[in-house]
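Presented below is the structure to which this report refers.
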Amino acid sequence: MKIATWNINGSKARIDGLVAWLAEARPDVVCLQEIKTVDEGFPVADVQALGYHAAVHGQKGFNGVAVLSLAEPVAVSRGLPGDPDDVQSRFIEATFATAAGPLTVAGLYLPNGNPIGTEKFSYKLAWMDRLERHAARRLGEETLYLMVGDYNVIPQPIDARHPNNWLNDALFQPESRASFRRLETLGFVDAVRAASDAALYTFWDYQAGAWQKNDGIRIDHCLLSPLAADRLTAVGIDRHVRGWEKPSDHVPVWVELSVGAP
């Protein structure tokens, strides 16, 4: 079972690239971030034509997440628990039936948090605290569980081509990185790092020729519960997509698990 995550930076603006990548990669499940549209505005017909179901948790103009899947999920929930006043669309979960039992995929778009010292950074850290509490509950269920998405966190210096350039950015602050490490301490496995200790990136800014210079960072992550990690068979980053026409500044990251078809 191939499960992917991709911040597409606008579902309408990137629909041609999304359709091309779905046809090429054929993931069983893909979690999208920054769809930047309300539910009704998501281009459902385009993905349905490729055989995909769409579960959407949208928001007008910014944020917004979605799960596309070849098999219809048996359950979908929208929103990260813990703060009923939070109206930002950043979290969605979908559960699928597999030969190995129920498998739940959470797609998340973690707050950016910039600039430091403002309520935006406080919101980021509070959101990460909520995520940690929810993740701990999910781990207690001892099921196949994945949290994939744009974490807006650079976990280690190796995850940036020029780490010193990010010292004053919310993505690389000690507090942000510590929150990410706490998720790993709970028992989650960073799939990319489980497969490789190389300098790998998932995001290249549109400015200053970042893509051409390979001036990237790794902020899109697939975190797997212990039961899911035991079934990990492959990990990949489809960096070639960044070179397509009208690309997102992020690229897809994917894992394959030996769980049987959904």
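In this chain, residues are counted from 1 in sequence order. Bear in mind that the values here come from a model prediction, so they are computed numbers and not experimental data.
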Could you check if a side-chain atom of [X] sits within less than 4.5 angstrom of a side-chain atom of [Y], using non-hydrogen atoms only?
X: Arg130; Y: Asp86; answer: yes
X: Asp215; Y: Tyr201; answer: no
X: Pro27; Y: Tyr52; answer: yes
X: Ile116; Y: Gln173; answer: yes
X: Leu144; Y: Thr98; answer: yes
X: Met1; Y: Glu256; answer: no
X: Val235; Y: Trp254; answer: no
X: Tyr145; Y: Phe188; answer: yes

Among the clusters formed by ILVMFWY side chains lying less than 4.5 Å apart, do [X] and [Y] turn up in the same one?
X: Ile219; Y: Ile237; value: no
X: Ile15; Y: Trp6; value: yes
X: Leu125; Y: Leu186; value: no
X: Leu223; Y: Val105; value: no
X: Leu32; Y: Tyr151; value: no

Are [X] and [Y] close enough for a salt bridge, meaning some N to O gap below 4.0 Å?
X: Asp249; Y: Arg242; answer: no
X: Arg181; Y: Glu184; answer: no
X: Glu93; Y: Arg138; answer: yes
X: Asp150; Y: Arg90; answer: no

Is it the case that the side chain of [X] and the backbone of [Y] share a donor-acceptor pair, with hydrogens and angles ignored and the cut-off at 3.5 Å?
X: Asp28; Y: Lys2; answer: yes
X: Arg231; Y: Val259; answer: no
X: Arg78; Y: Ile92; answer: no
X: Ser89; Y: Gly64; answer: no
X: Ser196; Y: Arg193; answer: no
X: Ser225; Y: Thr143; answer: yes

Inset, instruction - Please report the C-alpha distance between Arg182 and Ser179 in whole Å, then the side-chain angles of each, then the deciding distance to 0.1 Å, and finally whether the side chain to side chain donor-acceptor pair (under 3.5 Å) criterion is met. - result: CA-CA 5 Å; Arg182 285 198 297 272; Ser179 291; 2.9 Å; yes
Inset, instruction - State, without any angle test, whether Lys124 and Asn114 hold a side-chain donor-acceptor pair at a distance under 3.5 Å. - result: no
Inset, instruction - Evaluate whether atom CD of Gln207 has more than 12 neighbouring non-hydrogen atoms of other residues, nucleotides or ligands under 6.0 angstrom away. - result: no
Legend entry - Gln212, CD: over 12 other non-hydrogen atoms inside 6.0 angstrom: yes
Inset, instruction - Please step through side chain to side chain donor-acceptor pair (under 3.5 Å) for the pair Tyr123 and Asn112, ending with a clear verdict. - result: CA-CA 9 Å; Tyr123 174 65; Asn112 178 283; over 6 Å; no
Inset, instruction - Identify the two heavy atoms, one from His221 and one from Val153, that lie closest to each other, and give their separation to 0.1 Å. - result: NE2-O, 3.0 Å
Inset, instruction - Show your reasoning for whether side chain to side chain donor-acceptor pair (under 3.5 Å) applies to Asn9 and Ser248. - result: CA-CA 6 Å; Asn9 192 18; Ser248 170; 4.9 Å; no
Inset, instruction - Tell me whether the guanidinium CZ or amine NZ of Arg218 lies under 6.0 angstrom from the six-membered ring centre of Phe203 and within 45° of its axis. - result: no
Inset, instruction - Check the pair Trp244, Trp21 against ring pair (Phe, Tyr, Trp, His ring centres under 6.0 Å), reporting the backbone distance first and the verdict last. - result: CA-CA 10 Å; Trp244 288 358; Trp21 177 75; 8.6 Å; no
